[in-house]
Each structure stands twice: as structure tokens, then as C-alpha cells.
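Note that ligands are numbered from 1 as they come in the structure, with each ligand's atoms numbered from 1 the same way. These numbers come from a predicted model, not from an experiment.
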Amino acid sequence: MFQRILVANRGEIALRVIRACKELGIETVAVFSEADRGAHYLDLADEAYCIGAPPSSESYLMINRIISAAEVGNVQAIHPGYGFLSENAHFAEVCRDCNITFIGPTHEAMEKLGDKVSAKAIARAAKVPLVPGSDGLVANESEALAIANRIGYPVLIKATAGGGGKGMRVAMNDVSLQSGLKAAAVEAEKAFKNAGVYLEKYIERPRHIEVQIIADTHGNVCHLWERDCSLQRRHQKLVEESPGPTLSRDVRDDVCKAAVRLIKEAGYTNAGTVEFLFDQKENKFYFIEVNARIQVEHPVSEIVTGIDLIKAQIRVAAGEELPFKQKQIVQSGSAIEARINAEDPAHGFRGSPGTITKLRIPGGPGVRFDSHVYQGYTIGPHYDSMIGKLIVHKPSREESLACMRRALAEFVVEGIHTTIPLLKEIFSNAAFIQGDVDTTFIERTLITTKP
Ligand code: ADP
């Protein structure tokens, strides 16, 4: 086992990893930008190094500075958290070349799965269903038009290097496909330095179902069941739960088995998530992508299975075998996570930086709050707007929903705008309570999201 780990991240996930390390008796080295000087996670780490200016391109994304901190800090491994360098195959390769264990998949597996077109080829080989669409990148406009007319409109134009909902465009007809292709390529080149785009049939009102995976380096792959992350705004998740409401036993088993097949086919190790869209009309699921890292919503899977995913990541990275078998992993009760973001509902939910002047965090049975903020904390303009994750766990979904409503009512945050009012609406919505959700739910149903 490692004696010392560097955490190449900030905010709540840095805290989460540091806490797991402490419980495992591992020392931690933290890094921070000038904007995060004085942050709480730095107090909990054994050592901390400043790695640059506030913009992430000048600090958290600087591979050379993180590697220098790892060398000065004398660590054996680096945990990348999520975002920043977590899915950067080059970073994983540099770590390996410097004899530092990257806590995540190998750079080869990451490269294969990070590119959505090559990930689809792996899914095809593993006999995992794919959304009808182009076989690979679309070479030109006439090819795109031919494919779109074959699968039928609406179609979705997606960037092969895409992420975070960026670079996606719906085309309703030939004209919007022609203009959309150009715009999507320009946007993808700008955001990901890769202009490659592909086409998919646009599934109407799908549910987003994903499967949590953990795999060791001895060939053992287990799933920790599914999460339903259909509640999204602008393709970004806001509420996640496990088990997925109203999902049949058969579909749940099939989707989890499909995820394991894909991960085995890719030779993937460590924690990862296989994402699917579920077409409710057809009762079919389709693979969309693999997230080759720990995800924001991992706690709901931890809670229903009792498996600490961060510790599992560290153990398998150190070469240990998974200490459990698939049949021992049961989904117990219902866990729901709501993301609390510093955003302004009155202005199209744009970021709402500022100082938290008053903070009262809910508690009591079944409530967990993963967060790096406190009263007096100032949210700057540089990073993600998420300030915490409110997670509840109860024996049934009905009880979890009641617990979430109670916890949200207790929550007091003053000085900044947050997503709490929107979450209160969601958890009181009759359709949501019934489990009648899809990825367009918020935009269709809740007026407060309209700018
Ligand atoms: P990203 O990597 O940018 O997050 P994904 O491929 O994971 O992109 O898709 C994110 C979300 O976009 C999905 O959860 C879903 O809401 C929507 N989406 C993606 N593909 C489709 C599709 N073919 N039809 C309808 N919605 C889609």
C-alpha cells in the first residue's frame, strides 16, 4: 500500500480523497492555486504546495507543476479526482514515466475510451447496443446528410472529444444539419482541440442510466449497479439516484451486465462509469460513453452498496485484488444526491460568485453533505459552481424523497444564489415523485429555469 498520495484537485473531491486516505493511514499532499490559498482541504492534508495562478490553465491543469509537487512531496501515487486532469491520458502516461502510480485506468485504456468514436467500436465488439447513427466520424456534409436521412430526424451532432454537454447540437432537418455541422466542428475545435464530430439519432425524452464499475488489475470486474441521472439542465446533471426508479429487474440486470462486458473488452481497470440512454418508448438502452474517472455522483452507489469507492480505487491502484465478488454486492435502500450549485435562478442560472454570509447545513438520520464550503467562504469566478452535494439514504425511495424535502427545508445559504429553490421544486413535483423523469424534465416542466 502507498504511504503518501498527492491529490491533484481542489474543493469537495480533494477533501473526499484526503478523508479516505486518512482512514487508510496514508499521508496526503495537496496542491492549490492562489485562489484556493487558505482552503479547508489544505488544513487536512499533511503538506500543501501552491501550483500557480487562479485560472486552472495556470495551475490545476499544469502537468509539470503537479509532477514537481509530487516529487518534492515524495509521493508514490496521484489521485486526480474528477475534472481537471482526471481523464487526460497524457498526464496518466507522464505519471507512469515518472514512476508515480496514477490512481485510475491506464493511459492506453483512457485513450481508447476517451474518444467517443473509438469507445463505440469497443462497445460494438462487446455486443453492447449503440444509438443508431454514424459508424464513426462523419467525413463531410453529404455523408452526414445521407446518414441523417437514413436514421431519420431529429439527429444529434456530437463531438468525439466532447464532455460536459459541450459541442452537442440537435438538427431537425437538412438545413439545420448543414449549419449545425459547421458550428459544432468550430465549437469542438475551440473547446477540445479536436474538430471531429459524429451523428446519433436524437432519442426523445430518454432517461440517463449509468453503471458504476470497479475493476482490479487481476481481471476482476464488478458493477455497483446503476444510477439514474436523468435530471439535467443543459445536459448537466443535477439530481442522481440509485436504484433508478421504475426500472425493471430485467433491464437493470441487462444494463449492468452490458457495462461489465464493455469494461472487460476495453481492458479497463480502476473505477469508471458506463453511461447509457434508456429509450422509454422502446424499453431499450443504448451505450453513449465511458467516464474514465470517479464521478461527482459516486456517493449514491457507495451508500446503497456499502462500498467506499475512493478507498477501492486506491487499493486496486496499489495492486490489491477486489475484496468482494459480484454476488456479494447488493443494492440496499434508496440513495438520492442533489447538487447545490452557486447559481442565480433569476439570470438563467449563471454562476453566482460571492461570500457565504450564513450557512446552516442539514443533518439528522440519513443525511450526508459532501462539501468544501463553510460560513465566510468566498466562491470565486474561476472554477465549477458546485458548492456541495446533499445526499440522503433511506430504506425506500418514498422515504428518501421525504428526507430530501426535509433536508432542503433546513438548508440556509445566504450571500449567494443557489440551486436550492429549484431542488425544492423538483422534490415536490408530482411527476418526479412518481419516477416519471427524463433528460428534458427540468427544461419542460420547471418555469424557474427559463432565463
Ligand atoms: P457529455 O460527454 O458531453 O456529457 P454525453 O454523450 O454523455 O455527453 O451526453 C450527455 C447528455 O446529453 C445525456 O445524458 C443526454 O441527456 C443527452 N444526450 C446525449 N446523446 C443523446 C441522444 N442520442 N439523444 C438524446 N439525448 C442525448
For ligand 1, which atoms sit closer than 4.0 Å to a heavy atom of [X]?
X      : value
Tyr202 : 24 (N), 25 (C), 26 (N)
Lys116 : 1 (P), 2 (O), 5 (P), 6 (O), 8 (O)
Thr439 : 16 (O)

Notebook entry, point to check: Does the side chain of Phe285 come within less than 4.5 Å of Val131's, by heavy atoms?
Noted result: no
Note to self: Judged on heavy-atom distance to atom 6 (O) of ligand 1, which of His235, Lys158, Glu200, Glu204 sits nearest?
What the structure shows: Lys158
Check: So between His208, Lys237, Gln232, Glu289, whose heavy atom ends up nearest atom 16 (O) of ligand 1?
Finding: Gln232
Which protein non-hydrogen atom lies closest to [atom], naming both residue and atom, and how far is it?
atom                    : value
atom 22 (C) of ligand 1 : Leu277 CD1, 3.3 Å
atom 9 (O) of ligand 1  : Met168 CE, 3.7 Å
atom 3 (O) of ligand 1  : Gly165 N, 2.5 Å
atom 24 (N) of ligand 1 : Ile203 N, 2.9 Å

Check: When the ring centroid of Phe91 is compared with that of His107, is the distance short of 6.0 Å?
Finding: no
Note to self: Measuring centre to centre across the rings, with the benzene-like ring taken for any Trp, is Tyr202 within less than 6.0 Å of Tyr153?
What the structure shows: no
Next item on the list: Assess Arg233 against Phe349: is NZ or CZ under 6.0 Å from the centre of the six-membered ring, and within 45 degrees of the ring's axis?
Entry: yes
Margin query: For the residue pair Arg261 and Tyr268, would you count it as a cation-pi contact if the rule is NZ or CZ under 6.0 angstrom from the ring centre and within 45 degrees of the ring axis?
Written below: no
Check: What orientation do Phe441 and Phe432 show, parallel under 30°, tilted 30 to 60°, or perpendicular over 60°?
Finding: tilted
Note to self: So, regarding Glu275 and ligand 1 (criterion: nitrogen or oxygen to nitrogen or oxygen, under 3.5 Å), is there a contact or not?
What the structure shows: yes
Margin query: Within this structure, what is the OG1-CG distance for the pair Thr217 and Asn220, rounded to the nearest 0.5 Å?
Written below: 9.0 Å
